[in-house]
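As the structure is a prediction and not an experimental result, all values here were calculated from the model.
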Amino acid sequence: MDLLADLDARGLIHDTTERDALGARLAKGNIGLYIGFDPTADSLHAGHLVGQLFMRRFQLAGHRPFPLAGGATGMVGDPGGRSEERNLLDDETLRHNVECIKVQLSKLLDFEPGPFQATLVNNADWTHPITMLEFLRDVGKHFTVNQMIAKDSVRSRLDSEHGISYTEFSYMLLQANDFRHLYEHHDVELQAGASDQWGNIVAGVELIRRKLGSQAFAMTHPLMMRSDGSKFGKSVGGAVWLDPARTSPYQFRQFWVQCDDAMVGTYLKMLSMRPLDEIEALIEQQVAAPERRPAQRALAEEMTALVHGQDAAVAAREAADVLFGADPTGASQAALEAVAAEVPLVELPSSLDGVRVHEMLVQTGVAKSNSEVSRLLSQGAIRAGNRILESDGLLSASDLLKGQFLLLRKGKRDFVVGKSLTEG
């Protein structure tokens, strides 16, 4: 199956210009493509994974990806998909955000020297030196206002109560100029992106045709959608970030484990690098035994490993096992660290000799009072590791896991982790 056919089968092609010509060009040999990510936050989110992995698919098929960090366009803001103006960011914030995004992009693409090397570019590098008069002369003259207001992203804003500023209205021209620059200087012939970027992308194709007399191509993929029809993003509640400081690897994994049965097949096809026959087999397993969530678990394992690394994926899985009732005594150091990041945490005294569990449970809100703790202990409802604590609630050094962690559990779901600053 060729690349375009595979993308089609995964539901990853929404629109494309001159499909047959693009297919012929891809068959001819190495092509450069780019997708832009505006650094409006210091982290990308799960909705960006489609675009990142879109480039990864092209790279694995023998093409050259150019992920673009929009250090310039990020200062303006894309009107697409928004009902009102974005907040404008200052230079320092944008530089910080770009550096953070570089790290995340580098995890999913191969930047090592070679014929298919990924190259990270920042449109601030070629946009900042251009004067306004140069931009109007060299880019603006190739577009009519009629063309620009016909674009869906602009027309919807014109019809809204907020309208659209000239700043955001000009975004399309800036993005078109990005494509022109990358075509001229890096032989980038294809721009891809989410379906709401179609108008901006084809503007770049048109600028290359008019200014350079050359053919370029545009392609969009569908947006990542939630089961309620809303798109993934940072402005909709519950954003799932790629930065582990914002969304931990455990939380990231659990997001995919808990995704709806109705959506998991779509997510697998759009995101997983597995062959399609393996994905179909997973979907069949899911239909046969939805309570076991085989498709969600496979997707969660793969996405967590891709974004955070295999070690973090293993630790997140082990942490989930512990938090859902598995024996914690065999858990790894990394898994216990992951658990400690998700539940109430207390600092342990230098020795557990003579220490009772009461204060820790009350301090963290797991129990309301010492008398409630005593009642729970008498019912055998408190464990330290796998040991059911006696009614006195006394702890001992043998309760430490890896010589450093004390895992307390009330019932099945309420946890507290005590951590010693020094092992042993």
Side-chain angles (χ1 to χ4, degrees), residues 43 107 240-258 293 296-367 373 376-377 380-390 393-424:
S43 176
K107 293 181 179 180
V240 181
W241 301 97
L242 306 191
D243 183 346
R246 284 175 170 257
T247 299
S248 71
Y250 170 82
Q251 294 165 348
F252 184 82
R253 180 184 184 277
Q254 288 305 108
F255 170 79
W256 301 109
V257 169
Q258 295 164 3
R293 309 181 82 76
Q296 284 96 333
R297 293 181 185 280
L299 179 63
E301 290 289 324
E302 184 177 3
M303 290 303 101
T304 309
L306 278 171
V307 172
H308 296 294
Q310 187 60 43
D311 289 345
V314 171
R317 184 181 68 246
E318 289 184 4
D321 290 343
V322 169
L323 290 171
F324 284 90
D327 182 358
T329 57
S332 67
Q333 175 87 12
L336 293 172
E337 293 281 5
V339 170
E342 303 301 326
V343 304
L345 181 68
V346 296
E347 183 181 335
L348 294 178
S350 57
S351 172
L352 289 183
D353 291 338
V355 174
R356 298 198 309 159
V357 76
H358 296 63
E359 182 180 349
M360 295 180 194
L361 297 182
V362 173
Q363 176 186 338
T364 54
V366 171
V373 177
L376 291 167
L377 287 166
I382 305 295
R383 291 175 179 265
N386 250 2
R387 180 173 76 92
I388 298 175
L389 292 178
E390 300 293 337
L394 285 172
L395 299 166
S396 70
S398 62
D399 291 321
L400 289 177
L401 304 175
K402 302 298 180 186
Q404 190 177 11
F405 298 91
L406 175 69
L407 183 66
L408 301 175
R409 185 174 70 198
K410 182 189 83 171
K412 293 183 177 180
R413 291 289 182 267
D414 290 331
F415 289 85
V416 172
V417 169
K419 185 178 180 182
S420 174
L421 296 181
T422 57
E423 291 190 25

- Residues, nucleotides or ligands: over 12 heavy atoms within 6.0 Å of Gln363 CD: yes
- Message: Please find the pair of heavy atoms, one from Lys402 and one from Ala331, that lie closest to each other, and give the distance.
- Response: CE-O, 3.0 Å
- Item | side-chain contact (heavy atoms from CB on, under 4.5 Å) partner of Leu406, chosen from Val416, Leu395, Leu401 | Leu395
- Please report the closest heavy-atom contact between Arg253 and Ala320, naming both atoms and the distance. NH1-CB, 3.7 Å
- Task: Compare every heavy atom of Lys410 with every heavy atom of Val366, then report the nearest pair and how far apart it is.
- Result: O-NZ, 3.0 Å
- Message: Are Val343 and Leu323 packed together at the side-chain level, in the sense that at least one heavy-atom pair is separated by less than 4.5 angstrom?
- Response: yes
- Which atoms form the tightest heavy-atom contact between Phe252 and Thr247, and what is the distance? N-CG2, 3.7 Å
- Within a strict 4.5 Å, meaning less than it, do heavy atoms of the Leu348 and Val355 side chains meet? no
Can you give each donor-acceptor pair under 3.5 Å made by side-chain atoms of residues 306-319, sequence neighbours left out, with the distance rounded to 0.1 Å?
from   : atom 1 : to     : atom 2 : distance (Å)
Arg317 : NH1    : Glu301 : OE1    : 2.9
Glu318 : OE1    : Ser332 : N      : 3.3
Glu318 : OE1    : Ser332 : OG     : 2.7

- Spacing of CZ belonging to Phe324 relative to NZ belonging to Lys412, to within rounding of 0.5 Å: 12.5 Å
- Message: Could you measure the distance from the CG atom of Leu242 to the CE atom of Met303? Nearest 0.5 Å is fine.
- Response: 11.0 Å
- Message: Within this structure, what is the CG-CE distance for the pair Leu345 and Met360, rounded to the nearest 0.5 Å?
- Response: 11.0 Å
- Straight-line distance of Leu408 CG to Asp399 CG, nearest 0.5 Å: 8.5 Å
- Query: What do the steps show when you test Gln404 against Lys419 for side chain to side chain contact (heavy atoms under 4.5 Å, CB included), and what is the final call?
  - Reply: CA-CA 6 Å; Gln404 190 177 11; Lys419 185 178 180 182; 3.5 Å; yes
- Task: Look at atom CZ of Arg383 and say whether more than 12 heavy atoms of other residues, nucleotides or ligands are closer to it than 6.0 Å.
- Result: yes
- So which heavy atom on Leu377 is nearest to which on His358, and how close? CD1-CE1, 3.5 Å
- Message: So which atom in Val417 and which in Ala340 form the shortest heavy-atom distance, rounded to 0.1 Å?
- Response: CG1-CB, 3.8 Å
- Message: Between Ser43 and Trp241 (side chain of the first, backbone of the second, donor and acceptor by atom type, cut-off under 3.5 Å), is there such a pair?
- Response: no
- Mind checking whether Phe405 and Val339 have side chains closer than 4.5 Å, heavy atoms only? no
- Query: How far does CG of Leu389 sit from CZ of Arg356, to the nearest 0.5 angstrom?
  - Reply: 11.5 Å
- What distance do Glu342 atom CD and Glu337 atom CD have between them, rounded to the nearest 0.5 Å? 12.0 Å
